[in-house]
Q: 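Okay, handing you the structure first.
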2 protein chains.
Amino acid sequence: MAINNVEALFAESLNELELTKKQKSVLRASLTLFSEQGFDRTSTSDIARVAGVSEGTVYKQFKTKEGILKALLGPFIQQVLPKAAGEFLDTFANTNVPDFETFLRRIVADRLTFFETNKLQLKIFIQEILSNSDMAATFINKTVGGAITRITAVMKFYQQKNEIVDWDPVRIVRYIMSTMLGYALPNLIQPDKKLNIEQSTDEVVEFIMRGIGIKKS
Amino acid sequence: MAINNVEALFAESLNELELTKKQKSVLRASLTLFSEQGFDRTSTSDIARVAGVSEGTVYKQFKTKEGILKALLGPFIQQVLPKAAGEFLDTFANTNVPDFETFLRRIVADRLTFFETNKLQLKIFIQEILSNSDMAATFINKTVGGAITRITAVMKFYQQKNEIVDWDPVRIVRYIMSTMLGYALPNLIQPDKKLNIEQSTDEVVEFIMRGIGIKKS
DNA sequence: ATAAAGTAAGTGTGCACTCACTTGCCACAA
DNA sequence: TTGTGGCAAGTGAGTGCACACTTACTTTAT
């Protein structure tokens, strides 16, 4: 039976969907092609050819071409921000609250790893969000909106402990995100280069801590 | 006569090309449509309708649909990085060399203004560079490559004066760029919002100076 | 035996681009 | 000033092709 979009959108990741070999190969082919040429410049016959199946098979598995896109991006979108927000919450659940630098390092390493692992999805996602205003609006309202309020609370916490500067939490989050993006984006444009996670994490943390940290005297 | 792509690519800006009213209206319509829906989802008949001309006229002015894209992006690409590099060089020509913060503030204000003014072109450019590997390669080799060497020299200069930390200049440039992008990108996704240049500049400079500056004792 | 999985040749539509034609512009002669 | 020839600017119906999707059929699995 053809994959239902809703089902795919709420699955934790592609691997956790029950997929046959052929379904996986169609998704894998689409992921490659979409990220290389863009969604619109990829034809369904291309996908079929690269996946090594007939075009009819593609349509037995996914009702529409856009269904493939949603199956690829759904799990990704679920994880871009909420996971980071989850980390923040975990910190509070933990009675032994780490200092800000430790906390920051954990998140940066986690998100950089995520970006590196999901490089192709990230590239497709950015393309899509820039040319599809519905998707942009949905993403901002549902995903970003929810994350902001939770993250804000954590920032205020560390501000009260006088570990970081007293700027608007949104501003601080912006810097953390954009500094990480500064490492991730060049890798999207030149996909052959691989991100050195450890070194990148060290550099990001070093820069951010100078930028927003407060030295204990 | 139809606009020659080469001519368009090397013109300083669209305004400096000699354009008839109809040519301008085609370009204006394309700029809007491409930035809203993306190049591939915009049809030439859409462009003609929005521009208020016939489809034939569009093709009298531009040989192909891609010609329109190049006419829009050419002048933009000429200015994204080289202008910034030019600023760097000016600093050296000037006998009265400013301190790093002054210098940084000038560049940040200049580039943020440029991004805000050319918001739509920037959006189209990012879409294109993510789905067109030729364009990505050309941009990196010609535009980025040339700029890096010149900027590196300037950073080393300020490092020798002990005004900024002794990190790889490329790394420093990365932070300056990505911090500015952190302000520009949200505006691309939500085009109705307008960037407050003055405040953004102050914030960027404040953060970057903390992040890479060295306090004189 | 039957139902799902797979196939590949269709089918209709939308699109980039063309072409045969009309309109508007202007130099210049009467 | 006005008529006229020539040429660029403009038009929109037309053309062919590529693509998303369907359908009638065959293979495979149980």
Side-chain angles (χ1 to χ4, degrees), chain A residues 1-5 7-8 17-73 124 127-128 131-132 134, chain B residues 1-5 7-8 17-34 36-73 124 127-128 131-132 134-135:
Chain A
M1 197 181 68
I3 284 191
N4 181 322
N5 294 343
E7 183 187 335
L17 283 174
E18 284 174 15
L19 296 170
T20 66
K21 275 180 190 168
K22 300 227 163 178
Q23 283 174 324
K24 276 184 186 166
S25 75
V26 167
L27 284 177
R28 210 180 353 256
S30 303
L31 185 61
T32 311
L33 290 169
F34 289 170
S35 72
E36 278 173 359
Q37 325 172 346
F39 177 78
D40 293 305
R41 289 171 200 173
T42 302
S43 70
T44 48
S45 69
D46 278 345
I47 295 173
R49 207 192 60 250
V50 172
V53 299
S54 75
E55 205 170 342
T57 300
V58 173
Y59 279 91
K60 275 269 154 59
Q61 295 162 348
F62 302 92
K63 288 201 186 88
T64 62
K65 189 185 165 193
E66 225 183 300
I68 302 178
L69 183 70
K70 287 184 177 163
L72 286 174
L73 289 190
I124 298 170
Q127 284 178 43
E128 209 51 32
S131 62
N132 184 332
D134 281 353
Chain B
M1 196 182 69
I3 283 190
N4 182 322
N5 294 342
E7 185 187 335
L17 283 174
E18 283 175 16
L19 296 170
T20 66
K21 276 179 188 167
K22 302 226 162 178
Q23 283 174 325
K24 275 183 187 165
S25 75
V26 167
L27 284 177
R28 212 180 352 255
S30 303
L31 184 62
T32 311
L33 291 169
F34 288 170
E36 280 173 359
Q37 325 172 345
F39 177 78
D40 293 306
R41 289 171 200 172
T42 302
S43 69
T44 48
S45 68
D46 277 346
I47 294 172
R49 209 193 59 251
V50 173
V53 300
S54 75
E55 206 170 342
T57 300
V58 172
Y59 278 90
K60 274 269 154 60
Q61 294 162 350
F62 302 92
K63 287 199 188 90
T64 62
K65 191 185 165 195
E66 227 184 301
I68 302 178
L69 183 69
K70 287 185 178 163
L72 286 173
L73 289 189
I124 299 170
Q127 284 178 44
E128 210 49 33
S131 61
N132 183 332
D134 281 352
M135 190 155 199

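These numbers come from the heavy atoms of this one structure, side chains and all, not from hydrogens, waters or symmetry mates.
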Q: Taking for each residue the nucleotide of DNA chain D bearing the nearest heavy atom, is the 5' side occupied by R41(A) or by G56(A)?
A: R41(A)
Q: Over all strands shown, is T44(A) touching base, sugar-phosphate only, or nothing at heavy-atom distances under 4.0 angstrom?
A: base
Q: When the distance from CD of E55(B) to C1' of dT15(D) is rounded to whole Å, what number comes out?
A: 12 Å
Q: Using every non-hydrogen atom in the two residues, find where I68(A) and F34(A) come nearest and quote the distance to one decimal.
A: CG2-CE1, 4.1 Å
Q: Quick one: which of dA16(C), dT11(D), dC19(D) gets closest to the side chain of S54(B)?
A: dT11(D)
Q: Once you round it to whole Å, what is the distance between P of dA20(D) and CD1 of I68(A)?
A: 9 Å
Q: Starting at NZ of K21(B) and ending at P of dA8(D), how long is that distance when rounded to a whole Å?
A: 22 Å
Q: Restricting to non-hydrogen atoms, name the atom on A71(B) and the atom on F62(B) that form the minimum distance, rounded to 0.1 Å.
A: CB-CE2, 4.0 Å
Q: Measure from the side-chain heavy atoms of K65(A) and tell me the nearest of dC17(C), dT7(C), dC21(D).
A: dC21(D)
Q: Taking all non-hydrogen atoms of both residues into account, name the closest pair between V58(B) and V26(B) and its distance.
A: CG2-CG2, 4.3 Å
Q: What is the distance, rounded to the nearest whole Å, between atom CD of E66(B) and atom P of dC15(C)?
A: 18 Å
Q: Starting at NZ of K24(A) and ending at C1' of dA5(C), how long is that distance when rounded to a whole Å?
A: 18 Å
Q: Less than 4.0 angstrom from a charged side-chain N to a carboxylate O is my criterion; do E55(A) and K65(A) meet it?
A: no
Q: Measuring from the side chain of Y59(B) (C-beta onward, heavy atoms only), which nucleotide among dC21(D), dA16(C), dT7(C) has the closest atom?
A: dA16(C)
Q: Between dA16(C) atom P and K60(B) atom NZ, what is the distance in whole Å?
A: 19 Å
Q: In Å, rounded to the nearest 0.5 Å, how long is the span from CG of L31(B) to CG of L27(B)?
A: 8.5 Å
Q: Between atom CG in L33(A) and atom P in dA20(D), what is the gap in whole Å?
A: 12 Å
Q: Tell me the interatomic distance from R49(A), atom CZ, to dA18(D), atom C1', rounded to whole angstroms.
A: 14 Å
Q: Out of dT11(D), dG6(C), dC19(D), which nucleotide sits closest to the side chain of S43(A)?
A: dC19(D)
